[in-house]
There are 2 protein chains.
Amino acid sequence: MLYSDEVNDSTRPARIGFLLAQLGTHAADVFAEQIQPLGITPSDAGVLRIIGRSPGIAQRQLADKLGALPSRVVALIDKLERAGLAERTRSTTDRRAQELNLTDDGRKLLAELRKAAMAQEREVTNGLTDEQRTQLHDLLATMSHLQGLDADVHPGYRG
Amino acid sequence: MLYSDEVNDSTRPARIGFLLAQLGTHAADVFAEQIQPLGITPSDAGVLRIIGRSPGIAQRQLADKLGALPSRVVALIDKLERAGLAERTRSTTDRRAQELNLTDDGRKLLAELRKAAMAQEREVTNGLTDEQRTQLHDLLATMSHLQGLDADVHPGYRG
DNA sequence: TATTGTTATACTCTATAACTATA
DNA sequence: TATAGTTATAGAGTATAACAATA
């Protein structure tokens with residue numbers, strides 16, 4: 001095969017970085033559609049997921065995980081508290097800090113979010129063979145680890 | 001193999017959809033860093049790339065490609081025109097439409113953007129073997145095609 | 001009538017700084 | 001003095017509607 005580049009156009013290389021950004025945006029869009037009926041945004045979903053896995057986490061720690069500013073976290077938690085999904089409790093060991101926890105409704109909604117995530121997964125991997133899915137998952141997990149990204153979190157999750 | 005799910009943690013599955021969104025955001029962040037010295041944003045870069053590949057494109061077509069609103073395109077082109085990177089020319093065949101083209105400076109900057117994209121590629125795929133890169137690229141390209149995404153464009157490119 | 005580009009406006013998200021109460 | 005959370009404010013990006021020129 002003399003011209004292995006023929007399958008690609010070498011002046012327009014479809015690069016991994018570009019494809020990741022493209023597919024990442026697409027995956028986030030699909031997820032946003034899936035959770036729209038639940039009445040929360042992808043940002044809210046990311047916050048609920050983190051609190052669910054780290055009960056009692058302080059707002060400052062949450063801000064660091066999200067890559068958001070403390071002032072943004074105030075607004076996010078205000079909204080979740082008004083919706084009855086999360087609660088603030090003043091820490092007894094450091095009374096400056098607010099400990100964050102999910103309410104029962106918050107935990108129920110988190111379960112719905114997992115279903116939405118599974119629906120997203122089916123839609124995004126539609127048309128791939130099981131072997132391709134396994135390969136792709138392993139490569140992405142390896143890459144995420146190599147790039148030093150948090151296994152649970154990524155900044156924003158589209159919004 | 002009775003329990004093929006053992007390699008994943010079924011209570012916290014690192015899913016493909018999640019990893020794509022995480023790594024896509026990361027790839028976009030890396031690209032944003034790479035082009036910062038060039039004085040343009042990722043949005044601007046996406047616009048320059050499209051105009052470079054479709055000289056004379058109308059603002060409405062550009063808006064469709066970007067997934068942006070016509071009013072947003074006005075602001076984007078205003079900025080690129082002020083920076084001397086792109087030009088508007090009233091179409092002679094449809095005098096409602098503005099034909100968009102790059103200036104010489106715009107073409108020079110586009111060449112710099114390609115270098116930045118190559119630097120992003122190296123950073124994002126750092127630690128992967130050549131075989132892993134090939135596998136990953138093929139899988140992502142397949143997926144992008146299956147999901148009906150444009151080979152050149154994705155909405156926003158982080159911004 | 002419909003479409004292209006434009007302006008105006010509102011809402012959200014991001015970023016910064018100043019403030020309070022604790023430490 | 002430093003930190004956690006809050007408030008206020010300004011700047012982007014996104015969305016809608018209304019408008020002028022043209023089709």
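Lettering follows sequence order; numbering is per chain, from 1.
- Of the N and O atoms on the side chains of B:D44 and B:T41, at least one donor lies less than 3.5 Å from an acceptor on the other residue.
- What separates CG of A:D78 from C1' of D:dT6 is a distance of 9 Å, to the nearest Å.
- For residues 90-101 of chain B, proximity to DNA chain D is found at B:D94, B:R95, B:R96, defined as any non-hydrogen atom under 4.0 angstrom from a strand atom.
- Atom CG in A:D29 sits roughly 13 Å away from atom C1' in D:dT14 (whole-Å rounding).
- Salt bridge B:K108/B:D104: absent, no basic N to carboxylate O contact under 4.0 Å.
- Computed from coordinates, the A:I40 CD1 to C:dT12 C1' distance equals 17 Å when rounded to whole Å.
- With hydrogens and angles ignored, the 3.5 Å screen pairs a side-chain donor or acceptor of A:Q120 with a backbone N or O of A:A27.
- Ionic pairing of A:R88 and A:E99 is not present here: no N-O contact between side-chain nitrogen and carboxylate oxygen is shorter than 4.0 angstrom.
- The B:R60 side chain lies nearest to C:dT4 when the options are C:dT4, D:dT14, C:dT14.
- One end of the helix from C:dT1-D:dA23 to C:dA23-D:dT1 points its axis 10° away from the other end's axis, with each axis taken from 5 pairs and the angle rounded to 10°.
- To the nearest 0.5 Å, atom CG of residue B:N101 and atom CD1 of residue B:I57 are 10.5 Å apart.
- The shortest non-hydrogen separation linking B:E121 to A:I16 is OE2-N, 3.0 Å.
- Applying the 4.0 Å criterion to OP1 and OP2 of C:dT6, one finds that B:R88 has a side-chain N or O inside that range.
- Atoms CD1 (B:I77) and C1' (C:dT4) sit 14 Å apart, rounded to a whole Å.
- Rounding to whole angstrom units, CZ of residue A:R72 and C1' of D:dA8 are separated by 16 Å.
- Out of C:dA17, D:dT16, D:dG13, the shortest distance to the side chain of B:L69 is found at D:dT16.
- With sequence neighbours excluded, no residue forms a salt bridge (Lys or Arg N to Asp or Glu O under 4.0 Å) with A:R133.
- Considering only the side chain of B:S71, D:dA15 comes nearest among D:dA15, D:dT6, C:dT14.
- Rounded to whole Å, the distance from CG on A:L66 to C1' on C:dC13 is 13 Å.
- Each of B:Q59 and A:A68 lies near DNA chain C, and the nucleotide nearest B:Q59 is the one positioned closer to the 5' end.
- Judged purely by atom type and a 3.5 angstrom limit, A:R107 uses its side chain to pair as donor or acceptor with the backbone of A:L102.
- Taking atom CD of residue A:E81 and atom C1' of nucleotide D:dG5, one finds them 13 Å apart after rounding to whole Å.
- Scanning both residues, A:Q147 and B:V124, for their nearest heavy atoms gives NE2-O, 3.1 Å.
- Atom pair B:K79:NZ and D:dA12:C1' shows a separation of 10 Å (rounding to whole Å applied).
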